[in-house]
Amino acid sequence: MAPVLIASLPRSLATCVRYGQGKSKICWSLSSRPIGAIGIRYKSTPAAASLVNENAAVDTASQDDKDKDPLDLTFCDYRNAFKSKTNFELLRGLLVFHLCTIKPLVENNAKLMKLGQKVLGKRLFAALMKATFYGHFVAGEDQITIQPTLERLRSFGVKSILDYSVEEDLSSEDAEEREMESCLPSSEREEEERGCESKAEGSNAMERYTPQRKFADRRQQVSGARTYFYVNEAQCEKNMETFINCIDAVSDATHGTGFAAIKMTALGRPQLLMQLSEVIARTRQYFQQVTGKTGPIIRSDVNTDVFEKRFREENILTDNLDVKKWLDSMTYDKKGLIHLFSWSGLIDTNILLGDLFRVPNLNSGQMEPLISALTREEEEMFKNMMRRLHTIFQYAQERDVRVMVDAEQTYFQPAISRLTLEMMKKYNQEKAIVFNTYQCYLKETFNNLSLDLEQAYRQNFYFGAKLVRGAYMEQERARAEELGYEDPINPSFDATTNMYHQCLEESLRRIKMNKNVGDSHKIAIMVASHNEDTVRYTVNKMAEFGIHPLDRVICFGQLLGMCDHISLPLGQAGYSVYKYVPYGPVNEVLPYLSRRATENSSILVKLQKEKSLLLQEMWRRIKKGHLVYHPKGNYVPVGAQ
């Protein structure tokens, strides 16, 4: 049987299987003794279990005082990495990774998939995809068909982040038109329709937070992130229902240990997020203008007295009712100001954006807006966006499911992060339900993370965060250069790695600080990385800070179909590990599959190692006679033999 299986591989892969023991293969020349192997013998605590919502039924095995598998920090233990896979899955993985190295195939993958649909028909094409890319990267078509995959992952210590990965297949022209229509305020849309400049003459809008036709198709130069384009409010309602269904799937299939992922641009008009981001930037400028301080508001040790003093100096009477009301609406505690505005009031009441974001003009004393004038319809759209977010988080809270809010472009992200943090304040009172995402390739990420940790501490709510490198680097750099603002991206890969490690260490420091007062479970961090060095660094730093794997305050995350040689050994060694699990009908997830093929082709060194490990495991099974084909047509995983 083995020669038949080998013959079914591409010639280059078959050759590697036959002669794969050469010294040039990655990891084969290493010592057989794992470097830095770690024995795990920890017990979970009730407080830690409550943080990540891992109930007793799930953690029974973890709470038993059993030895876990040692962790090989070289991540070359191919037997443990792939013992969950059937022989067919090994072959499919080798085929998929091999195809991802063929440049013309990857560059034209979207066109080829469309051609395949036309030539083969949807049913035959779907069968072909299930045997290749779809079967490797996607768990199934619906909540029922994904359950075997989730259960198998769970049996090897790996939990799930579910994402319904259906994406609309838009042309670049259609995407551009939708984006410009949805990001321009009403007044500017009318001017563009008349052929005028997209930004009105005399407008004081910051260039960075204005829509740009050249970058309107937000999918360009992005392979690792999904993009939603606004159609109308009805489509946003459908997106909300999709996220609600995903929460149901998580609750039903993962027994309270999984995540659901959402994007805020799917739930409302992106123009509003862009304008809110501009408001945040203008607020910082106003704060500096009044106080003379350049640092973050929350760390400035400034209270309302500083503002009253400055207003008197400028002959702005503080007994003015409007000014007095503005001073009273600030968010502060005993340490001083946290925000100039009541963001909590904004998300919980019917306050209008135009009414909230106003400040006293230092020259006239009159209240002036920091946000561009909004129509009644646009104000209603913002209320709808807030209602959808509340609906999702309330439902997640009821179903005991955690929700990850994905990061997006820098002209949306300040608003996304601010709204997400306020949702944390509301829904993370008893455990971490809402998680924010921090992109470590941004120069300001460490500052933003540390400020958000400080706010969570001062306002006493649970803090959840996912650390990623980022998905929009090329696009962000091109936009910054075009518009003439500072490049927001770190100058090198090493600088991004240092930023990632800095953010991780600050989080660990906060966890240890809380642990000393018996409150370590109020912070939860996901290290979402396919980088072995980052995972290794995290494992070592956890030991250094005295944080046990089964404390469940640090977890790891990778994509389904990628880096199993990292995920599975971590899970079997007792660490908290998640796979980002996409699902959806075959013919509707093609854009997602296209991105996965492109992403894999861009990390050829990492891919080469995973291919090598797959080949080594296949060769081991051939030598051991474990390539068994059952009459029912199912290949048996080596772990079962």
Side-chain angles (χ1 to χ4, degrees), residues 51 276-277 279-281 283-288 290-291 293-307 329-347 405 407 413-440 442-468 498-527 541 545 547 553-554:
L51 167 66
L276 278 176
S277 294
V279 164
I280 292 169
T283 300
R284 292 168 183 163
Q285 289 181 346
Y286 183 78
F287 176 77
Q288 181 178 350
V290 174
T291 66
K293 293 182 177 288
T294 58
I297 295 174
I298 194 171
R299 287 189 176 154
S300 62
D301 296 325
V302 167
N303 56 38
T304 56
D305 293 343
V306 174
F307 283 81
S329 70
M330 290 179 172
T331 303
Y332 57 90
D333 62 7
K334 292 180 179 179
K335 289 187 177 182
L337 282 175
I338 297 174
H339 304 299
L340 292 193
F341 303 108
S342 175
W343 286 87
S344 295
L346 176 66
I347 68 169
V405 181
Q413 194 56 44
I416 292 171
S417 291
R418 172 54 39 219
L419 294 174
T420 301
L421 207 65
E422 291 304 321
M423 292 294 177
M424 276 192 209
K425 183 181 174 184
K426 181 174 179 65
Y427 294 101
N428 289 10
Q429 289 298 316
E430 296 180 359
K431 61 180 68 175
I433 295 293
V434 182
F435 280 64
N436 197 12
T437 301
Y438 295 83
Q439 300 186 102
C440 294
L442 296 175
K443 295 174 182 176
E444 62 181 15
T445 296
F446 174 74
N447 186 51
N448 290 340
L449 175 67
S450 58
L451 292 176
D452 291 349
L453 282 164
E454 177 67 13
Q455 181 179 338
Y457 171 73
R458 284 170 62 171
Q459 297 193 305
N460 194 32
F461 57 85
Y462 286 70
F463 180 83
K466 176 175 70 170
L467 301 180
V468 300
N498 290 336
M499 175 71 76
Y500 202 117
H501 293 174
Q502 196 178 4
C503 289
L504 177 63
E505 284 200 52
E506 175 64 13
S507 301
L508 293 171
R509 185 186 69 80
R510 290 271 186 170
I511 291 170
K512 184 175 182 180
M513 182 179 73
N514 288 349
K515 191 174 185 178
N516 291 337
V517 295
D519 219 9
S520 64
H521 59 289
K522 297 207 78 167
I523 297 174
I525 304 295
M526 173 175 283
V527 177
K541 281 295 176 181
F545 279 87
I547 296 170
V553 291
I554 300 292

Using the rule given for side chain to side chain contact (heavy atoms under 4.5 Å, CB included), can you reason through Leu449 versus Phe463, listing the C-alpha separation, both sets of side-chain angles and the distance that settles it, and then say yes or no? CA-CA 11 Å; Leu449 175 67; Phe463 180 83; 3.8 Å; yes
What one should report as the nearest heavy-atom pair of Pro414 and Ile280 is O-CD1, 3.3 Å
Test your reading of the model: is there a side-chain donor-acceptor pair from Tyr462 to the backbone of Glu430, 3.5 Å cut-off? yes
Which pair of non-hydrogen atoms, one from Glu454 and one from Lys335, has the smallest distance, and what is that distance? OE2-NZ, 3.9 Å
Test side chain to side chain contact (heavy atoms under 4.5 Å, CB included) on Trp343 and Leu419 and set out the steps. CA-CA 8 Å; Trp343 286 87; Leu419 294 174; 4.3 Å; yes
Quick check against the 3.5 Å criterion: does Tyr500 have a side-chain atom that pairs as donor or acceptor with the backbone of Leu467? yes
Looking at Ser329, is its backbone amide N or carbonyl O close enough to the side chain of Ser342 to form a donor-acceptor pair, meaning the two atoms are under 3.5 Å apart? no
Arg510 CZ to Leu508 CG distance, which is reported to the nearest 0.5 Å: 12.5 Å
Between CD on residue Gln502 and CD on residue Glu506, distance to nearest 0.5 Å: 8.5 Å
Tell me if a side-chain donor or acceptor on Arg458 pairs with a main-chain N or O of Ile298 at a distance below 3.5 Å. yes
Output all residues satisfying ring-ring contact (aromatic ring centres under 6.0 Å, His included) with Tyr438, sequence neighbours left out; order by chain, then residue number. none
Ionic contact status for Glu505 with Arg509, cut-off 4.0 Å: no
Of the non-hydrogen atoms in Leu340 and Met330, which two are nearest, and what is the gap between them? O-CG, 3.5 Å
Report yes if some heavy atom in the side chain of His501 is under 4.5 Å from a heavy atom in the side chain of Lys541; otherwise report no. no
Spacing of CD belonging to Gln439 relative to NZ belonging to Lys466, to within rounding of 0.5 Å: 9.5 Å
Under the side chain to side chain contact (heavy atoms under 4.5 Å, CB included) criterion, do Val553 and Ile523 qualify, and how do the steps go? CA-CA 7 Å; Val553 291; Ile523 297 174; over 6 Å; no
Using only atom types and a distance under 3.5 Å, with no angle test, would you say the side chain of Asn428 pairs donor to acceptor with the backbone of Phe461? no
Given the rule in the side chain to side chain contact (heavy atoms under 4.5 Å, CB included) test, do Arg418 and His339 qualify, once you have shown the distances and angles that lead to the verdict? CA-CA 11 Å; Arg418 172 54 39 219; His339 304 299; 3.2 Å; yes
Going from OG on Ser417 to CG on Leu451, what distance comes out if it is rounded to the nearest 0.5 angstrom? 11.5 Å
Mind checking whether Asn436 and Leu421 have side chains closer than 4.5 Å, heavy atoms only? no
Within-4.5 Å side-chain heavy-atom neighbours: Leu337 and Val306: no
Heavy-atom pair of closest approach, residues Met499 and Lys443: CE-O, 3.2 Å
Rounded to the nearest 0.5 Å, how far does CD1 of Ile554 lie from CD1 of Ile547? 5.5 Å
If I compare all heavy atoms of Ala407 with all of Thr437, which pair ends up nearest, and what's the gap? N-CB, 3.6 Å
Specify the closest pair of heavy atoms between Val290 and Phe307, including all atoms of both residues, with the distance to one decimal. CG1-CD2, 3.5 Å
Within 6.0 angstrom of Phe545 CZ, more than 12 heavy atoms from elsewhere: yes
Approximate separation, where rounding is to 0.5 Å, of Ile525 CD1 and Cys503 SG: 9.0 Å
More than 12 foreign heavy atoms under 6.0 Å from OH of Tyr286: is that the case here? yes
Please name the residue in the list Gln459, Lys426, Glu422 that meets the side chain to side chain donor-acceptor pair (under 3.5 Å) test with Ser344. Glu422
Taking Asn447 for its side chain and Ser450 for its backbone only, find out whether a donor-acceptor pair lies under 3.5 Å. no
